[in-house]
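Input: a single structure, listed below in structure tokens.
Just so you know, these numbers use all the heavy atoms, side chains as well, and skip hydrogens, waters and symmetry mates. Throughout, a chain's letter reflects where its sequence line sits, starting with A, and its residues are numbered from 1.
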Amino acid sequence: MEFFILSIEHEKQKILIFARDENRNKCIIEYFQPFYVYVIPKGEYFEEVKRKIEELNINKEVSVERKKWIGREYRVLKVTISLDDYETLKSLCDRLKEEGKIIGKKEADITITKKFSLDNNVYPMRWYEMEVEFKGKMGNANLYKLKRVIREVEKPYEIKAISIDIEILAGGRKMPDPSRDPIDIIGIFDGKDYYILYWGAEGNGGIKVRNEYELLKKFDEIVKKIDPDVIVGYNSHNFDLNYIYERSKVLNFNFSFGWDGKGIVLSKKKEEDRRFKIFGIQHVDLFVFISNILAGQLKSEVLSLDNVAKEILGIGKEEVTLETFRDAVDLKEYSKVISYNKRDVEITYMLYKHFEQLLIELSKITGQTLYETSLSTYGVLVESYLIKRSREFNEIIPNRPKEEEARERLRKSYIGALVLEPEPGLYKNIAVFDFRSLYPSIIMAYNISPDTIRCEHEDCKKEQITIETSDGKVPIWFCKKEKGFIPTILNQIFEERVKIKKKLKELDKNSEEYRIMDARQYALKILLNSTYGYLGFAVSRWYCLDCAAAVTAYGRTFIKKVIDLLRDKGYKVIYGDTDSVFVLLRSKEDIKILDEINNILPKPLELELENFYISGIFVERRGEVKGAKKKYALLSEDGSIKLRGFEAVRRDWSEIAKVVQENVLRLALEGNRTGIIEYLRKIINDIRSKKLSLNMFIIREQLRKKLEKYEVEAPHVVAAKKYKQRGYKITEGFIVEYVVCKGSGKVSERIKIPEECTNNEYDPEYYIEKQVLQPIDGILKVLGITKEQIISGHKDILSFFK
DNA sequence: AACTGTGGCATTTTGT
DNA sequence: ACAAAATGCCACAGTT
């Protein structure tokens, strides 16, 4: 029979595969998974260790295998025991380790479900033909016993997904608290029909029920009726599912959706960061996935559903204020809130559909469930992938570091990328060249891997590079005779991606195949680009700080080499960062020097033209003559502007500061000096005469730790305390908003949170001085515009306002 | 990891 | 002699 696997769970050593057959019937396939660990004895103690394990008074099977441990081959003992007897084996191994007789005990921390996948080459989100034996029913699922996996089958599976979103109207007045405030609305959307359940008021467009208990009951029924594979929410781990879970406890209601008939299960109990799982159904929290994997590519500063939907789907923002909620409660009329909820479930569903293929491809590649992928960070993705591939290389999977070891690793650091110091000024005709995927290329080109580092071959030692870590400077080399685990894998990913990209060019952009292939190449790109970071990541199993340090060291030599080549040819290089160089051309024709440079560079490194710019501006660091790094603006031929590092792209500056800086930068790049002077005169006037809305003056900062942990009375900390006083729940990650108002003393003593500000209350002087003139100071300096020119007749623009 | 920049705070320097 | 201004350092947020 053929099955599409959704997830693989276990009860002790009993594997439960949650799958669907060709008719979408729920199927649970059972299998008994042996538990085993690998013990690596030190050569001379091999027989002793083997004997001691064999003498243990437990059921066991000990076999001798040849396995690789970080590239080196060993005779190892594969010890298969019952999971219940693990402690006995562990204490023996701990003792042997202390006596120095074994290198270690490995793969004990690989979950039993993972072991099942590795041993049988069976992973979620794929179809398999299996030989099974029907055993009867388990709930409403067919129960089978797995006899044998015949083969993987390539065919599509159409995922049935629903999105959910809840409303707690008490939140219109205070933070919703599940011990007190009921759920008023639960919305569900399956891509076709909306089920907006509500109670306690009138309303159009929803399904009215008698009370909250009935609401949960109806929700349960609908989910069972739709029988989805995926339930999607936006911030649903920390809000929607958490809330539904808590309310069901308060009301003593037991859900029966989920294949085990238990509904929502709390799988990680860390306060403030709980994780909810549903057996057989993949719970996908898009907010978590977007924050972990996609945030870097998005322009949105705050990853609210509205912002993200606007950027990704181009759906406009709907203004819903707290007033809407308050009115709904006061008038007992929910129509507006119902349509708001309807829109939210729809957007959530559409966003999910937009990312579904990427989630699927990432899951397939890494061997994880959709649920696991949606919670993964880059490190988890890379590691899952390496684990999945390890068997092909006969590599034993290294242990995850213990807390102490991880802390130790965190203390170590190494020299990173090279950043050139730019000379402040306004430049014309700038070409930006960069290396395409520099770090992955270096790993491949130099065979950088934990298993190739410091090999014993004298030949390999000849090509060394010096790395500098917190332990000091040391020369380092990588094996040239045998390809390492990580470079081999990277190479394969790289080649696979090239192949897909080639294929994409032939496909119709609107075809299903294009969509799948494009998601696949993007998933591969994510893995390719995350591997360097993974090597230096403290909790990695294949951690290798010296490898990471070698990657950056090679990176620095390459970028230096390019700069030297360009300078030798008489070009002026004005800036460079990690993998890019900014060079002044005499004309656009000069771009052809790229070919000459690429002829000299070793393969597969390749310098490319990132773009050509008409003009660009670099400024000084505040209070210094040195040019500021990672801070510049470029004007391209199509009129678009690229801003890096400037206050205009930062979240912790007011809108007025950002708008003014961006406008001034544009005028500067266009060479319009008089425009700047006129614009500034006008804007200063507007600020003073309070023509602008308060929104322009709100400063936002995030709390990066718990409020109590702050040592200083910084403005955002003071503001956060004000929020707290007003009954807001202040958590880590809370975005604090404040406005600087008139008054005396420190800034922190005269801030107000927006809801305290009446009558467009803000301090014009503060904003003109600190938010408008400060950020453009460097730009004006480059252009040689003095403050007197802005306010003619006055020596100093600041004294004008005093 | 590298880098920029703000505000708070304690101390030193400077102006009157 | 005193206060204001400058300075240096730290904590912190954020971008690349």
Side-chain angles (χ1 to χ4, degrees), chain A residues 295-303 409-422 424 432 434 438-439 467-470 529 532-538 545 548-553 555-556 559 575-580 582 610 618-624 626-634 642-654 657-658 661 699-707 709-720 732-738 740 744-751 766-767 769-771 773-778 798 802:
Chain A
Q297 333 291 318
L298 300 179
K299 284 192 215 110
S300 310
E301 294 167 355
V302 180
L303 299 175
R409 290 178 178 182
L410 271 176
R411 271 202 288 278
K412 292 191 180 173
S413 62
Y414 59 94
I415 306 279
L418 177 79
V419 186
L420 242 51
E421 185 186 297
V432 176
D434 64 7
L438 177 65
Y439 287 175
I467 57 163
E468 196 177 346
T469 68
S470 39
N529 291 336
Y532 151 71
Y534 175 82
L535 289 170
F537 183 42
L545 193 85
V551 174
T552 57
R556 292 191 300 273
I559 206 73
Y575 183 60
D577 182 354
T578 314
D579 57 359
S580 65
F582 293 48
E610 188 268 334
F618 288 83
V619 297
E620 285 176 4
R621 270 179 70 174
R622 172 142 299 287
E624 287 176 75
K626 289 197 279 184
K629 296 174 173 180
K630 297 184 189 281
K631 195 172 178 184
Y632 53 86
L634 298 166
K642 189 179 211 168
L643 288 183
R644 288 290 122 97
F646 273 111
E647 285 80 350
V649 298
R650 293 175 61 100
R651 163 164 92 185
D652 54 349
W653 286 83
S654 64
K658 300 201 268 186
Q661 192 185 51
I699 297 169
R700 292 182 184 84
E701 271 170 277
Q702 192 179 39
L703 291 185
R704 302 293 295 260
K705 51 187 178 186
K706 287 192 182 137
L707 188 51
K709 294 230 170 178
Y710 281 90
E711 294 175 32
V712 291
E713 290 281 296
H716 72 292
V717 177
V718 176
E732 241 174 285
F734 185 84
I735 307 260
V736 179
E737 297 190 338
Y738 63 87
V740 180
S744 61
K746 287 179 263 191
V747 173
S748 59
E749 284 165 1
R750 50 201 181 91
I751 57 119
Y766 173 83
Y767 282 94
E769 199 178 315
K770 297 287 187 179
Q771 297 273 317
L773 296 177
Q774 197 100 278
I776 59 166
D777 193 57
L798 300 181
K802 280 176 185 160

Taking only the side-chain nitrogens and oxygens of A/Arg651, find out if one of them lies under 4.0 Å from OP1 or OP2 of C/dT15. no
What is the distance, to the nearest angstrom, from the CD1 atom on A/Ile699 to the P atom on C/dC12? 19 Å
Could you tell me which residues satisfy salt bridge (Lys or Arg N to Asp or Glu O under 4.0 Å) with A/Glu701, sequence neighbours excluded, listed by chain and number? none
Mind checking what makes side-chain contact (heavy atoms from CB on, under 4.5 Å) contact with A/Asp577, not counting sequence neighbours? A/Val419, A/Tyr575, A/Ser580, A/Lys630
Output a table of nitrogen or oxygen pairs between the protein and nucleotides 2-5 of chain B separated by less than 3.5 Å.
unit_1, atom_1, unit_2, atom_2, d
B/dA2, OP1, A/Gly416, N, 3.1
B/dC3, OP1, A/Lys629, NZ, 3.1
B/dT4, OP1, A/Lys629, N, 2.9
B/dT4, OP2, A/Arg621, NH1, 3.2
B/dG5, OP1, A/Lys631, NZ, 2.4
B/dG5, OP2, A/Arg622, N, 3.1

Under-4.0 Å side-chain N/O to phosphate OP1/OP2 contact, A/Arg644 with C/dT16: yes
Using whole Å, what does the distance between atom P of nucleotide B/dG7 and atom NZ of A/Lys746 come to? 13 Å
List for me each residue that meets side-chain contact (heavy atoms from CB on, under 4.5 Å) alongside A/Arg621, sequence neighbours excluded, and say none if there are none. A/Glu624, A/Lys626, A/Ala628
Do any N or O atoms of the protein come closer than 3.5 Å to N or O atoms of nucleotides 9-11 of chain C, and which pairs are they?
none

Mind checking side-chain contact (heavy atoms from CB on, under 4.5 Å) for A/Glu610 and listing every partner two or more places apart, or none if nothing turns up? A/Val432, A/Asp434, A/Tyr613, A/Lys642
Taking the side chain from A/Arg556 and the backbone from A/Gly416, do they hold a donor-acceptor pair closer than 3.5 Å? yes
N/O donor-acceptor pair under 3.5 Å between A/Arg651 side chain and A/Gln702 backbone: no
Rounding to a whole Å, what distance do you find between A/Gln771:CD and B/dT6:P? 9 Å
Using whole Å, report how far CD1 of A/Ile751 lies from C1' of B/dT6. 14 Å
Just how far, in rounded Å, is C1' of C/dT16 from CZ of A/Phe618? 13 Å
If I take atom NZ in residue A/Lys709 and atom C1' in nucleotide C/dA13, what distance separates them, rounded to the nearest angstrom? 18 Å
Whole-Å distance between B/dA1 P and A/Ile467 CD1? 14 Å
Could you tell me whether A/Thr552 contacts a base, only the sugar-phosphate backbone, or nothing, with contacts defined as non-hydrogen atoms closer than 4.0 Å? nothing
Please list, chain by chain and in numerical order, all residues satisfying side-chain contact (heavy atoms from CB on, under 4.5 Å) with A/Tyr414, sequence neighbours excluded. A/Thr469, A/Tyr532, A/Leu545, A/Ala548, A/Ala549, A/Thr552
Heavy atoms under 4.0 Å, any strand shown: does A/Ser748 hit a base, just sugar-phosphate, or nothing? sugar-phosphate
So, using side-chain hydrogen bond (donor to acceptor under 3.5 Å, both in side chains) as the criterion, who are the partners of A/Tyr534 when residues are at least two apart? A/Glu383
Establish, with yes or no, whether the OP1 or OP2 oxygen of C/dA13 is under 4.0 angstrom from a side-chain nitrogen or oxygen of A/His716. yes
NA contact type, A/Phe734, heavy-atom cut-off 4.0 Å: base, sugar-phosphate, or nothing? nothing
Whole-Å distance separating the CZ atom of A/Phe582 from the C1' atom of C/dT16: 11 Å
State which residues pass side-chain hydrogen bond (donor to acceptor under 3.5 Å, both in side chains) with A/Glu421; sequence neighbours excluded, sorted by chain then number. none
